[in-house]
Enquirer: 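Okay, handing you the structure first.
The basis for the numbers below is simple: all heavy atoms, side chains too, and nothing from hydrogens, waters or symmetry mates. Start at 1 and go down the list; that is how both ligands and their atoms are numbered.
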Amino acid sequence: MSDDFELETLALHTGIHRSQFNEHSEALYLTSSFVFDNAAQAAARFSGAEPGNIYSRFTNPTVTAFEERLAALEGAETCVATSSGMSAILACVMGLLSAGDHVVASRSLFGATVSLFNNILRRFDIETTFVSATDVAAWEAAVKPGTKLLFVETPSNPLTEISDIAALAAVAKKAGAWLAVDNCFCSPALQRPLDLGADLVIHSATKYLEGQGRVLGGAVLGKRNLVMEQGVFGFLRTAGPSLSPFNAWVILKGMETLKIRMEAHSANALQIARWLEVQPNVARVHYPGLPSHPQYELAKRQQKTGGGIVSFELKNGKEAAWRVVDSVCMISITANLGDVKSTLTHPATTTHARISQESRDAAGITDGLLRIAVGLEAVKDIEADLARGLSAT
Ligand SMILES: *Cc1c(COP(=O)(O)O)cnc(C)c1O
């Protein structure tokens with residue numbers, strides 16, 4: 001595949017290695033292991049002298065196709081697939097950090113990511129300092145001699161705060177640390193963090209890459225020496241949170257339509273955000289495509305569109321938020337996002353419920369906040385579904 005192709009072309013044609021049957025659509029290799037011709041070949045494969053598949057915890061052709069395709073879309077030298085977005089973050093940390101290392105992370109991360117850094121990794125003596133997603137000076141101030149990793153998610157979940165990737169990359173470089181960006185909300189169709197100086201990109205492929213809410217998957221992308229040699233891949237092949245070939249195949253097919261889906265999600269989300277802004281019971285709308293968003297200018301520079309996620313605060317707190325949730329008939333009440341079907345969540349009592357009230361307040365996840373991952377239904381039908389609970393508040 002030529003590197004000159006545009007993203008939508010790469011999404012359709014990268015990673016295709018046809019079998020002897022010359023199939024047109026990508027084959028699904030559902031096999032846990034691979035057969036060797038003889039003892040010498042088995043030995044050569046295990047020693048690494050001969051490239052090739054051994055066992056699907058290490059590599060599998062369908063998974064490799066997914067990795068090649070995502071690497072092309074992100075403009076990455078290499079990609080390793082994982083069983084989920086969380087295992088991508090875990091593999092990144094376990095592959096690159098050691099006890100005693102320090103992490104600086106955004107306060108506005110996906111709930112499970114906060115728990116991973118705050119509860120689990122702390123037990124292994126990896127300490128994390130959480131700072132504001134948008135205050136570059138705070139990141140710089142939090143860096144100390146043992147700082148190895150800066151971790152950010154932009155736009156953030158659920159408030160869609162925008163972090164300046166290029167500025168954080170400069171902070172990381174000066175500190176001799178790596179910058180990892182969770183690019184789940186934008187996908188490479190809207191934002192390419194490696195082009196802006198990030199060292200690593202993390203994906204939950206479960207979301208927009210797959211696009212139809214069917215399977216879990218994840219990936220770590222970056223330079224070969226970081227992802228392959230320094231240990232992300234080594235951790236995966238040893239510890240085992242590898243992507244299943246079936247899931248890789250589903251995600252591969254989903255990625256074919258990534259660009260047009262992201263454009264359609266974004267167009268719908270912008271209309272919903274504008275409509276929510278004029279609803280009397282809505283106190284505030286968070287959407288990077290609205291001029292009222294505090295980092296609107298940065299978002300315009302850094303992303304192609306505002307993306308598909310909108311969050312909004314109701315004037316009357318949790319009671320009003322729950323009324324909207326309980327009044328929807330068409331929109332799914334579920335924590336997933338990135339699906340062609342719209343989904344609605346109350347973060348304070350679901351995705352962010354395990355975080356202390358104190359940390360939630362600090363992150364701005366109020367009891368009246370709702371997050372809608374805007375799907376591809378007609379905008380007028382989404383509005384009508386939200387309007388019922390909104391007018392009752
Ligand atoms: C969903 C999500 C994750 C975790 O991904 P899983 O595939 O559910 O493990 C990480 N980061 C962000 C921003 C997410 O939305």
Side-chain angles (χ1 to χ4, degrees), residues 63 66 70 74 79-94 103 105-118 120-121 128 130 133 149 151-163 165 180-191 193 198 200-221 236 239-244 246-248 250-251 254-255 262 265 269 286 288 303 307-311 332 334-339 343-345 347 350-355 363 365 371-375:
V63 175
F66 160 76
L70 186 56
E74 286 285 5
C79 169
V80 291
T82 59
S83 59
S84 68
M86 287 318 301
S87 60
I89 300 171
L90 181 69
C92 181
V93 170
M94 297 302 271
V103 179
S106 165
R107 202 173 276 142
S108 315
L109 294 174
F110 184 66
T113 311
V114 175
S115 298
L116 177 69
F117 281 113
N118 223 2
I120 299 175
L121 295 172
T128 303
F130 291 95
L149 180 70
F151 193 97
V152 72
E153 187 185 312
T154 179
S156 73
N157 181 28
L159 290 175
T160 75
E161 290 165 285
I162 309 290
S163 302
I165 296 173
V181 179
D182 182 333
N183 200 26
C184 176
F185 269 37
C186 271
S187 90
L190 304 184
Q191 168 176 284
L200 294 152
V201 166
I202 305 284
H203 269 290
S204 167
T206 316
K207 312 294 169 51
Y208 288 109
L209 295 178
E210 194 278 328
Q212 294 180 58
R214 295 167 293 192
V215 299
L216 278 84
V220 182
L221 299 105
L236 272 172
S242 320
L243 183 63
S244 94
F246 179 78
N247 290 11
V250 173
I251 301 165
M255 282 158 72
M262 291 315 291
H265 279 294
H286 305 265
Q303 324 178 171
I309 311 291
V310 179
S311 62
S332 308
T334 175
N336 195 29
L337 64 93
D339 195 310
T343 61
L344 184 66
T345 337
T350 59
T351 52
H352 291 67
R354 272 174 305 167
I355 303 166
I365 300 159
R371 184 198 74 193
I372 177 165
V374 180

Enquirer: Do Pro288 and Ile309 have side chains that approach each other closer than 4.5 Å (heavy atoms only, starting at C-beta)?
Expert: no

Enquirer: Relative to the heavy atoms of Ser84, which atoms of ligand 1 are at a distance of less than 4.0 Å?
Expert: 7 (O), 9 (O)

Enquirer: Only one of Leu221, Leu200, Val181, Val152 passes side chain to side chain contact (heavy atoms under 4.5 Å, CB included) with Pro193; say which it is.
Expert: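 When Leu221, Leu200, Val181, Val152 are each tested with Pro193, the side chain to side chain contact (heavy atoms under 4.5 Å, CB included) holds only for Val181.
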
Enquirer: Is there a side chain to side chain contact (heavy atoms under 4.5 Å, CB included) between Val114 and His352 once you walk through the steps?
Expert: CA-CA 9 Å; Val114 175; His352 291 67; over 6 Å; no

Enquirer: Do Leu116 and Ile89 touch side chain to side chain, with heavy atoms closer than 4.5 Å?
Expert: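 A side-chain contact exists here, since the closest heavy-atom pair is under 4.5 Å.
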
Enquirer: Counting only nitrogen or oxygen atoms and a 3.5 angstrom limit, does Leu216 reach ligand 1?
Expert: no

Enquirer: Considering only non-hydrogen protein atoms, determine which one is nearest to atom 7 (O) of ligand 1 and report residue, atom name and distance to 0.1 Å.
Expert: Thr206 OG1, 2.6 Å

Enquirer: Just go through Ala373, Ser156, Ser204, Gly338 and tell me whose heavy atom is the nearest to atom 8 (O) of ligand 1.
Expert: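 Nearest option to atom 8 (O) of ligand 1, by heavy atoms: Ser204.
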
Enquirer: How close does the nearest protein non-hydrogen atom get to atom 12 (C) of ligand 1, and which residue and atom is it?
Expert: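 Checking every protein heavy atom, the shortest distance to atom 12 (C) of ligand 1 gives Asp182 OD2, 3.4 Å.
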
Enquirer: Among all protein heavy atoms, pick the one closest to atom 9 (O) of ligand 1 and tell me residue, atom and distance.
Expert: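 For this ligand atom, the closest protein heavy atom is Met86 N, 2.9 Å.
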
Enquirer: Does the N or O separation between Phe110 and ligand 1 drop below 3.5 Å for any pair?
Expert: no

Enquirer: Keeping Ser163 on the side-chain end and Ala133 on the backbone end, is there a donor-acceptor pair under 3.5 Å?
Expert: yes

Enquirer: Which residue owns the protein heavy atom closest to atom 6 (P) of ligand 1, what's the atom, and how far is it?
Expert: Gly85 N, 3.3 Å

Enquirer: Of the listed options (His203, Glu153, Lys207), which comes nearest to atom 2 (C) of ligand 1 when hydrogens are ignored and any heavy atom counts?
Expert: Lys207

Enquirer: Hey, does Asn157 come in under 3.5 Å of ligand 1, counting only N/O atoms on both sides?
Expert: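 Among all N and O atoms of Asn157, none is under 3.5 Å from an N or O of ligand 1.
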
Enquirer: Should Met255 and Phe66 count as side-chain neighbours, where that means a heavy-atom distance under 4.5 Å?
Expert: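 In short, these two side chains touch, coming nearer than 4.5 Å.
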
Enquirer: Can you check side chain to side chain contact (heavy atoms under 4.5 Å, CB included) on Asp182 and Leu109, steps first, answer last?
Expert: CA-CA 9 Å; Asp182 182 333; Leu109 294 174; 5.9 Å; no

